[in-house]
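As a basis for the values below, the full set of heavy atoms in this structure was taken, side chains included, without hydrogen atoms, waters or symmetry mates.
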Number of protein chains: 2
Amino acid sequence: MAQTLAPGLDRDRLVAAAFAQLEEDGLDRLSMRRLASRLGVQAPALYWHIGDKAELLGLMAREIYAAAYADAPIAGHWQDWLRRFGRALRSSFAARRDGARLCAVARPPTPTDPAAHADRIAAPLTALGLDESRALLCQAAVISFALGWESFEANGPMRDFLREIMDFDASFEKGLDALVRGLATAREET
Amino acid sequence: MAQTLAPGLDRDRLVAAAFAQLEEDGLDRLSMRRLASRLGVQAPALYWHIGDKAELLGLMAREIYAAAYADAPIAGHWQDWLRRFGRALRSSFAARRDGARLCAVARPPTPTDPAAHADRIAAPLTALGLDESRALLCQAAVISFALGWESFEANGPMRDFLREIMDFDASFEKGLDALVRGLATAREET
DNA sequence: ACCTGAACACCGTTCAAGT
DNA sequence: ACCTGAACACCGTTCAAGT
């Protein structure tokens with residue numbers, strides 16, 4: 001389990017090991033001590049490379065979001081992109097155990113200029129013709145929907161219950177579709 | 001802080017004290033030990049009244065959902081009810097510190113007959129004319145949207161960031177409106 | 001029936017000290 | 001520069017024992 005090899009410990013190796021640990025044990029059992037022992041090191045050693053556990057979770061969340069953006073190339077009508085991004089985001093949450101819960105808890109890792117970050121979030125939709133405030137609304141809505149949906153999916157007993165009473169996958173698709181269509185027909189305001 | 005008075009310790013008093021503790025210290029610091037000391041008792045005493053911490057969180061989550069349903073009387077067009085319920089649910093999440101995170105983690109507290117529980121969830125919308133599967137889709141979509149939205153809101157640094165780049169309250173309203181309108185115009189399928 | 005005391009197996013984080 | 005050892009102040013939960 002613990003490979004003492006390759007002592008070169010850095011942030012990337014740390015994040016990778018954290019994902020492996022997450023897959024094996026889940027978010028509740030992802031501890032600095034267990035992570036350290038997987039890396040063949042004592043827990044305090046991690047704090048040389050990272051400020052605290054919250055920073056580690058933030059880096060992990062960023063990777064989950066990045067994977068979703070990578071899966072949704074910017075092309076076509078903005079509605080198509082938004083639907084595609086919604087699907088990709090849910091897949092990305094689901095690809096990692098407790099992915100949605102992790103992203104709900106994680107703090108945004110870049111405390112840099114908020115306006116610049118907002119531009120980056122809005123970028124795919126502004127590139128397809130939306131103005132920035134509308135782009136941010138669409139992103140916030142789709143991201144919230146996907147995060148909420150996968151939060152239930154990631155909750156074991158809740159998922160079991162939901163899977164018994166409805167087709168959870170098909171329903172996500174329908175809900176996402178409804179949301180995007182609604183956003184497209186919203187009354188234009190200030 | 002610790003009131004040793006009134007030794008009658010039961011589930012209701014326990015849940016009430018847990019909410020008070022949540023308000024003061026947040027979900028991360030809501031521990032069985034702190035809760036016990038607030039009740040003037042040792043931690044193991046709690047386990048006489050409750051199976052484990054997860055059950056306690058489940059009871060708390062149920063109360064949060066119940067408050068939302070209580071705030072949305074069943075009347076008018078189903079779309080109006082759904083919008084109203086969405087708003088009420090977000091308010092209910094926001095009314096308790098870390099309310100959304102709590103509900104994301106909590107397990108459904110009633111391991112009773114799933115079909116009967118589904119009927120109860122769908123009830124407000126079936127009463128207003130929707131068939132059950134459509135009602136469940138609408139509920140799942142709106143609940144997911146509200147939960148996701150408030151998860152970000154409940155995340156301190158994330159909220160600060162979002163509040164700087166958009167009008168988070170007005171955007172919720174617009175997003176919810178879009179979702180409900182989209183659900184109303186969905187193509188009818190099996 | 002309801003609660004305590006003591007214990008088990010853990011946490012995140014700090015910090016002097018080692019190399 | 002990078003890591004260890006020891007410690008601090010915690011966790012959830014179990015269980016014999018008290019009343």
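- Base pairing of C:dC10 is not made with any nucleotide, judged by Watson-Crick or G-U wobble geometry with both donor-acceptor distances under 3.5 Å.
- Note on B:Leu30: only backbone sugar-phosphate atoms sit closer than 4.0 angstrom, heavy atoms only; bases stay farther off.
- For A:Arg34, a side-chain nitrogen or oxygen approaches OP1 or OP2 of C:dC11 to under 4.0 Å.
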Stepwise ring pair (Phe, Tyr, Trp, His ring centres under 6.0 Å) test for A:Trp149 and A:Phe168: CA-CA 9 Å; A:Trp149 198 275; A:Phe168 210 54; 4.6 Å; yes

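- If you take CZ of B:Arg29 and C1' of D:dC10, they are 9 Å apart, rounded to a whole angstrom.
- Put simply, OG on A:Ser171 and CG on A:Asp177 are 12.5 Å apart, with the number rounded to the nearest 0.5 Å.
- In this structure, CG of A:Leu35 is placed 12 Å from P of C:dT13, rounded to the nearest angstrom.
- D:dT4 and C:dA16 make up a base pair, with Watson-Crick or G-U wobble contacts both under 3.5 Å.
- Between D:dT13, C:dT4, C:dT13, one nucleotide has an atom nearer to the side chain of B:Met32 than all others, and that is D:dT13.
- Between the C1' atom of D:dT13 and the CG atom of A:Asp28 lies a distance of 15 Å, rounded to the nearest Å.
- Comparing D:dG5, C:dA7, D:dT14 by their closest approach to the side chain of B:Pro44 singles out D:dT14.
- Note: CG (A:Asp10) to C1' (D:dC2) measures 13 Å, nearest angstrom.
- The separation of C:dC3 from D:dC15, taken at their C1' atoms, amounts to 13 Å, rounded to a whole angstrom.
- For the pair A:Asp25 CG and C:dC10 P, the interatomic distance rounds to 12 Å; values are reported in whole Å.
- Put simply, CD on A:Gln42 is 15 Å from P on C:dT19, counting in whole angstrom units.
- If you find the closest nucleotide of DNA chain D to A:Trp48 and to A:Arg33, the one lying nearer the 5' end belongs to A:Trp48.
- Residue A:His49 places at least one side-chain N or O closer than 4.0 Å to OP1 or OP2 of D:dC3.
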Ring pair (Phe, Tyr, Trp, His ring centres under 6.0 Å) assessment of A:Phe172 paired with A:Phe145: CA-CA 9 Å; A:Phe172 174 81; A:Phe145 178 69; 5.4 Å; yes

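- Using a 4.5 Å cut-off on side-chain heavy atoms (C-beta onward), B:Thr126 and B:Asp131 make no contact.
- Among the nucleotides D:dT4, C:dG12, D:dC11, the one closest to any side-chain atom of A:Lys53 is C:dG12.
- Side-chain contact annotation: B:Arg101 with B:Ser151, donor-acceptor N/O pair under 3.5 Å absent.
- One can place CG of A:Leu14 at 10 Å from P of D:dC3, the figure rounded to the nearest angstrom.
- The side chain of B:Tyr47 has D:dT13 as its nearest neighbour among D:dT13, D:dA6, C:dC3.
- The nearest whole Å value for the distance from the CD1 atom in B:Ile50 to the P atom in D:dT13 is 10 Å.
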